[in-house]
Amino acid sequence: ETGVTQSPTHLIKTRGQQVTLRCSSQSGHNTVSWYQQALGQGPQFIFQYYREEENGRGNFPPRFSGLQFPNYSSELNVNALELDDSALYLCASSSAHERPQETQYFGPGTRLLVL
Amino acid sequence: SQQGEEDPQALSIQEGENATMNCSYKTSINNLQWYRQNSGRGLVHLILIRSNEREKHSGRLRVTLDTSKKSSSLLITASRAADTASYFCATDDYGGATNKLIFGTGTLLAVQP
């Protein structure tokens with residue numbers, strides 16, 4: 001157990017809907033990253049939040065957005081859902097002081113199915 | 001996009017045998033990590049090797065890194081049924097501002113009891 005929790009564990013939505021996924025980072029960690037993992041693929045970086053600001057973004061459209069709260073928990077929001085958004089969404093936390101911590105600690109993921 | 005590929009895509013062995021997985025990557029790195037994923041759930045960090053290291057051990061795990069060939073291997077010795085999982089290599093965001101991980105495509109390991 002890494003101490004990173006995600007909710008919900010599973011979610012079914014239809015095309016065009018919006019979804020919010022939640023993540024609580026490990027105690028003492030101030031950096032949260034989100035990854036999308038399609039079936040049979042490795043995780044792909046969506047974006048990272050550090051001290052409540054976006055600190056880097058992967059190749060994902062603007063309808064993928066996020067938030068980080070003062071307690072370092074985070075949300076991933078996806079608008080106008082498409083079928084290809086069906087995937088496992090992973091949250092990872094790490095701590096950053098003078099330099100980002102290299103090892104990330106992953107939550108169990110939220111499996112999203114878009115019909 | 002993925003950083004690179006892992007080989008083989010799938011591997012089936014008997015308990016007690018050794019399992020070797022290979023990872024190739026495309027860009028310069030500061031470090032390379034290996035993660036395990038059970039049944040499509042969260043990833044668990046196994047080991048990190050830095051670009052100036054050639055070999056590292058952790059329990060039954062042995063990782064090698066060849067930066068000239070941009071490749072790494074993970075050896076699991078004396079495998080157990082509980083080692084059944086997907087294994088991913090991940091490189092760092094070399095020269096970037098984040099600590100994002102760039103993953104390979106993964107190797108699915110099945111250890112038969």
Side-chain angles (χ1 to χ4, degrees), chain A residues 1-6 9-10 23 25-26 29-51 53-60 86-113, chain B residues 1-10 21 23-27 29-53 56 58 63 65 72 85-108:
Chain A
E1 296 293 329
T2 62
V4 179
T5 61
Q6 291 186 243
T9 56
H10 296 80
C23 170
S25 59
Q26 184 166 311
H29 285 182
N30 55 14
T31 302
V32 173
S33 302
W34 286 91
Y35 294 83
Q36 180 196 65
Q37 186 178 20
L39 198 61
Q41 299 294 315
Q44 295 209 26
F45 177 74
I46 303 175
F47 43 54
Q48 181 174 90
Y49 278 82
Y50 172 61
R51 292 184 176 176
E53 292 196 3
E54 189 177 290
N55 182 40
R57 188 177 186 92
N59 189 26
F60 282 82
S86 295
L88 181 67
Y89 289 84
L90 295 161
C91 162
S93 76
S94 58
S95 72
H97 297 285
E98 294 183 358
R99 55 176 290 183
Q101 186 185 68
E102 295 146 328
T103 299
Q104 297 189 25
Y105 298 85
F106 284 81
T110 293
R111 188 163 295 282
L112 172 65
L113 177 61
Chain B
S1 61
Q2 307 287 166
Q3 162 70 294
E5 292 190 356
E6 291 174 63
D7 168 57
Q9 289 188 331
M21 291 160 257
C23 163
S24 62
Y25 57 92
K26 298 174 183 173
T27 64
I29 62 170
N30 292 309
N31 64 70
L32 184 144
Q33 303 180 53
W34 286 87
Y35 284 80
R36 184 185 75 219
Q37 185 176 41
N38 288 31
S39 300
R41 301 304 288 173
L43 289 97
V44 174
H45 178 258
L46 295 176
I47 195 166
L48 179 152
I49 187 166
R50 301 190 186 284
S51 60
N52 61 352
E53 296 176 310
K56 201 161 184 180
S58 176
V63 169
L65 179 64
S72 174
S86 292
Y87 291 82
F88 293 90
C89 67
T91 54
D92 68 301
D93 182 22
Y94 184 84
T98 73
N99 66 339
K100 75 176 184 181
L101 297 171
I102 306 169
F103 285 88
T105 51
T107 292
L108 176 60

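Letters A, B, ... mirror the listed sequences (proteins, then strands); counts begin at 1.
- Listed here is the closest heavy atom pair of B:Leu43 and A:Pro43: CD1-CG, 4.0 Å.
- Under the 3.5 Å distance criterion, the side-chain polar atoms of B:Gln37 are left unmatched by any main-chain donor or acceptor of A:Gly42.
- A 4.5 Å side-chain heavy-atom check between A:Glu54 and B:Thr98 finds every atom pair outside the cut-off.
- One distance of note links OG1 of A:Thr103 with CG of B:Leu46; it measures 10.5 Å at 0.5 Å rounding.
- Considering CD1 of A:Ile46 and NZ of B:Lys100, their distance stands at 12.0 Å, rounded to 0.5 Å.
- Nearest heavy-atom pair, B:Phe88 versus A:Gln37, reported as atom, atom and distance to 0.1 Å: CZ-NE2, 3.5 Å.
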Test log, rule side chain to side chain donor-acceptor pair (under 3.5 Å), inputs B:Asn99 and A:Thr31: CA-CA 9 Å; B:Asn99 66 339; A:Thr31 302; 5.8 Å; no
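- Of all the heavy atoms in B:Leu101 and A:Gln104, the pair that sits closest is CG-NE2, 3.8 Å.
- Heavy-atom distances place the side chain of B:Leu48, and not its backbone, under 4.5 Å from chain A.
- In this structure, no portion of A:Gln6 lies under 4.5 Å from any heavy atom of chain B.
- In terms of the ring pair (Phe, Tyr, Trp, His ring centres under 6.0 Å) criterion, residue partners of A:Phe106 (sequence neighbours excluded) are, by chain and number, A:Tyr35, B:Tyr35.
- Among residues two or more places apart in sequence or in another chain, the side-chain contact (heavy atoms from CB on, under 4.5 Å) test is passed with B:Gln9 by none.
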